[in-house]
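Data first, discussion second: the structure below is written as structure tokens.
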Amino acid sequence: MSEYTKIYEEKMTGAVHHLGKELSAIRAGRANPAILDRVTVDYYGTPTPINQMAAVAVAEARILTITPWDPSLIHPIEHALLVSDIGINPTNDGRVIRLVFPSPTEERRRQLTKDVQKLGEEAKIAVRNVRREAMDKFKALKKISEITEDDQKNLEDEIQKITDRFTKQIDKDCEAKNQEIMEI
């Protein structure tokens, strides 16, 4: 791999990692602590992620437990969960907050798979934009005679192979998430 393609491969890796984070936040009926990553609690005037103020654990396949380290935070955490967009009502026993994940309906599963496909397409677009940026850079380098025409062709082939590899990875990740969603 040349130094010319390395930076573009790193940008494509970033797009795939971003997709992974987005996919982990999609609720597929199983308890997944990643769904709480975007939920913050006002902690002495500072928005703080739940996992920095409580122990988050998967008690059962469909139950997530949140045990605050400071018991006085149970109500602020519960309030943050209620106003968030996760769509699950928390229950608490005074010490532990429980989130029971309902099994999604068939219609909801189909909508989630469409959302996954949309996220996958956005990631592919990001990867293709990086490829286009790389191709433009190679043409510019050829124009100022920093690389030869053969070098340009080799770099373009190399960046296309990298793009194809990341596109396949995106398809594979989306397919795995869709299978997880459609599991009953």
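Quick note: numbers below take in every heavy atom, side chains included, and nothing from hydrogens, waters or symmetry partners. Keep in mind that this is a model prediction, so the values were computed, not measured.
- K118 is linked by a salt bridge (charged side-chain N to carboxylate O under 4.0 Å, His left out) to E122, counting only residues two or more places apart in sequence or in another chain.
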Worked check of side-chain hydrogen bond (donor to acceptor under 3.5 Å, both in side chains) between D164 and Q160: CA-CA 6 Å; D164 292 343; Q160 184 59 50; 2.8 Å; yes
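- No path of Ile, Leu, Val, Met, Phe, Trp and Tyr side chains, each step under 4.5 Å between heavy atoms, connects L73 with V96, placing them in separate hydrophobic clusters.
- In summary, R165 and E9 engage in a salt bridge, as defined by a charged side-chain N under 4.0 Å from a carboxylate O.
- The shortest non-hydrogen separation linking M12 to R131 is CE-N, 3.9 Å.
- Taken to the nearest 0.5 Å, the CD atom of Q169 stands 10.0 Å off from the OG1 atom of T13.
- Of all the heavy atoms in C174 and G120, the pair that sits closest is SG-CA, 3.5 Å.
- With L99 as the partner, the side chain to side chain contact (heavy atoms under 4.5 Å, CB included) test is satisfied by one option alone out of L81, N89, I63: L81.
- Other residues, nucleotides and ligands contribute over 12 non-hydrogen atoms within 6.0 Å of the CD atom of Q52.
- A salt bridge is absent between E156 and K139: the closest approach of a Lys/Arg side-chain nitrogen to an acidic carboxylate oxygen does not fall below 4.0 angstrom.
- Once rounded to the nearest 0.5 Å, the distance linking CD of E180 with CG of L112 reads 10.5 Å.
- One finds a salt bridge joining D157 and K153 here, because a Lys/Arg side-chain nitrogen approaches an Asp/Glu carboxylate oxygen to under 4.0 Å.
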Any chance you could lay out the side-chain contact (heavy atoms from CB on, under 4.5 Å) test for I97 and T91, step after step, and finish with the verdict? CA-CA 6 Å; I97 298 172; T91 57; over 6 Å; no
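- With respect to Y43, the side chain to side chain contact (heavy atoms under 4.5 Å, CB included) criterion is satisfied by exactly one of I77, T48, I50: T48.
- Residues F138 and T5 form a side-chain contact, since some pair of their non-hydrogen atoms from C-beta on lies under 4.5 Å apart.
- The minimum heavy-atom distance between P33 and V56, with the atom names listed, is CB-CG1, 3.9 Å.
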Report the C-alpha distance between M53 and V41 in whole Å, list the side-chain angles of each, state the deciding distance to 0.1 Å, and finish with yes or no for side-chain contact (heavy atoms from CB on, under 4.5 Å). CA-CA 9 Å; M53 59 178 50; V41 179; 3.7 Å; yes
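- Using a 3.5 Å distance cut-off with no hydrogens or angles, the side chains of T148 and D150 do not pair a donor with an acceptor.
- The pair K142-D151 does not meet the salt-bridge criterion, since no charged nitrogen lies less than 4.0 angstrom from a carboxylate oxygen.
- There is a side-chain donor-acceptor pair under 3.5 Å between Q111 and D115.
- If you check the side chains of N129 and E133, you find no donor sitting under 3.5 Å from an acceptor.
- Ionic pairing of E175 and K172 is not present here: no N-O contact between side-chain nitrogen and carboxylate oxygen is shorter than 4.0 angstrom.
- Heavy atoms from other residues, nucleotides or ligands lying under 6.0 Å from CD of E10 number more than 12.
- A side chain to side chain donor-acceptor pair (under 3.5 Å) with E106 is found for exactly one of R110, R108, R109, namely R110.
- Grouping the Ile, Leu, Val, Met, Phe, Trp and Tyr side chains by contacts below 4.5 angstrom, directly or via other members, places I7 with L155.
- In the hydrophobic cluster analysis, where Ile, Leu, Val, Met, Phe, Trp and Tyr join through side-chain heavy atoms closer than 4.5 angstrom, V58 is grouped together with V39.
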